[in-house]
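The chains referred to below are lettered A, B, ... by the order of the sequence lines, with proteins before strands, and numbering in each begins at 1. Remember, predicted model here, so these are calculated numbers, not experimental data.
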2 protein chains.
Amino acid sequence: MSPRPKIGLDLTTILDAAGEIADQYGMQEVTLANLAKKLGIRPPSLYNHFEGLPGLRKKLAIYGIEKIYEEMADAAIGVSGTEAVLAISKAYVNFARKHPGIYEATLFAPDPGDKEVQQAGAKIVDLSVRVLQVHHLEGDLALHVVRGLRSILHGFSSLEQRGGFKLSLDLDESLMIIIKAFLTGIGGEQSFTGPIPNGDQNRS
Amino acid sequence: MSPRPKIGLDLTTILDAAGEIADQYGMQEVTLANLAKKLGIRPPSLYNHFEGLPGLRKKLAIYGIEKIYEEMADAAIGVSGTEAVLAISKAYVNFARKHPGIYEATLFAPDPGDKEVQQAGAKIVDLSVRVLQVHHLEGDLALHVVRGLRSILHGFSSLEQRGGFKLSLDLDESLMIIIKAFLTGIGGEQSFTGPIPNGDQNRS
DNA sequence: TGATTTAACTAATAGTATTAGTTAAAATAA
DNA sequence: TTATTTTAACTAATACTATTAGTTAAATCA
């Protein structure tokens, strides 16, 4: 039921290779021809692993979203409150910096509304909701706030990647100021300049 | 010095056509073949108007950025303070909604760091700086805040376009809450829950 | 008028994804 | 063990891209 022929490529190996191409040369260079060359096979052989170029892009998008989630979840361990929000935020933008091509792939899914793609993204949303729970936001407001945090993180990363911030002004400082301001404005238990109440973990 | 041969296409006509294709079918369908077909000419003829596909993408990006700027500038006429920030914000996301393909084109420039592309974007930044001046932010802080506003607007538009907000929660309301919270947190003259000086619509 | 400019064209090339059909190696069943 | 099945690779061919080179003819200008 699962033979291991000549080369025995598995999907992870293929996606790792595709991710390397993306990070080094950009998503427009992630072609079946380039990927096959890197793997030492012929382009049609790739069809045994995914459904053509759209299939590759979808799988690479999910692969990227999951990697971002992992780094965010890891960053959220052992911290809480505003500190936790800042930690997952840093993890998000740092992933986009370290893996610009994979981050780009995240937005390259042929159908962003695809069930599996949405499902992968939902984990990030859920994590954000949990981290923001310290603010004790009433029902709907919590969801609006998550939308805001996601908008900030994606917008900031995307603009930074495209060279949208050209002034010589520290980028990490901008991000911290932006998020702290947003959280302060939302009005949770945290205050912009004040101390962080306590230090135990919130993570479910 | 400027003959008017057979058809006499000018760049604006071409970009309008390309924009229509983008809005209807997405940027991946903006090919020289499709564009030429829509214009009634042969693909190689397009090379008389721009430098290949990368040239088209660059010009279309600038075209889109300028259109966004125009709508934002128009929305800023006759309003001030927080109201003005909300007005240009609505104009921005509404443009992305009405012209998803052209908005996509905005991010499709082959070299986002290109001088002309940056110059077009700078007008939006300048407008934002002016509109935010009511908050009397000290030097650097003003720039951080502009980065934040741009991140929110681009991130929100991009996520909305990709179906990233799947909950049945009013999108305009989210945007207003997010921006008001951000401005409140920055600490300007306005407050989140307090009355808006002007008096009309607050929480959408 | 004649010369020049240039926006269209045809023809050809290289690169792309993709499909169809084939081969052979590995896993499984007997 | 041998036989069967599965499947990951392959070759060959097709249809689409963008792109270049060289040509034609219409509009402008001197």
Rounded to whole Å, please give me the gap between [atom1] in [X] and [atom2] in [N].
{"X": "D10(B)", "N": "dT6(C)", "atom1": "CG", "atom2": "C1'", "answer": "15 Å"}
{"X": "R57(A)", "N": "dA17(C)", "atom1": "CZ", "atom2": "P", "answer": "8 Å"}
{"X": "L53(B)", "N": "dG15(C)", "atom1": "CG", "atom2": "P", "answer": "17 Å"}
{"X": "N48(B)", "N": "dT20(D)", "atom1": "CG", "atom2": "C1'", "answer": "13 Å"}
{"X": "L9(B)", "N": "dA27(D)", "atom1": "CG", "atom2": "P", "answer": "14 Å"}
{"X": "I41(A)", "N": "dT23(C)", "atom1": "CD1", "atom2": "C1'", "answer": "16 Å"}

OP1 or OP2 of [N] less than 4.0 angstrom from a side-chain nitrogen or oxygen of [X], does that happen here?
{"X": "Y47(A)", "N": "dT18(C)", "value": "yes"}
{"X": "H49(A)", "N": "dT7(D)", "value": "no"}
{"X": "S45(B)", "N": "dC9(C)", "value": "yes"}

Residues, nucleotides or ligands: over 12 heavy atoms within 6.0 Å of K166(A) NZ: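 Count over threshold, so yes.
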
Flag if over 12 foreign heavy atoms under 6.0 Å of CZ, R42(B):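 Not buried by this count: 12 neighbours or fewer within 6.0 Å.
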
Nucleotide nearest R42(B) when distance is taken to its side chain, options dA9(D), dC9(C), dT11(D):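 Ranking dA9(D), dC9(C), dT11(D) by closest atom to the R42(B) side chain puts dC9(C) first.
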
Check: G163(A) main-chain N/O paired with Q118(B) side-chain donor or acceptor under 3.5 Å: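 Flag set: sc Q118(B) to bb G163(A) pair under 3.5 Å.
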
Any donor-acceptor N/O pair, R162(A) side chain to L107(B) backbone, under 3.5 Å: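 Yes, the answer is positive, given that a donor and an acceptor are paired below the 3.5 Å cut-off.
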
Nucleic acid contacts of residues 14-39 of chain B, taken as heavy-atom distances under 4.0 Å to DNA chain D: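 Per residue number, the list reads T31(B), L32(B), A33(B).
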
Given I88(A), I186(A), L149(A), L143(A), the one that forms side chain to side chain contact (heavy atoms under 4.5 Å, CB included) with L132(A):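 Checked I88(A), I186(A), L149(A), L143(A) against L132(A); only one passes side chain to side chain contact (heavy atoms under 4.5 Å, CB included): L149(A).
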
Parallel, tilted or perpendicular, as decided by the 30° and 60° cut-offs, for the rings of Y92(B) and Y103(B):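 Plane angle over 60°, so perpendicular.
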
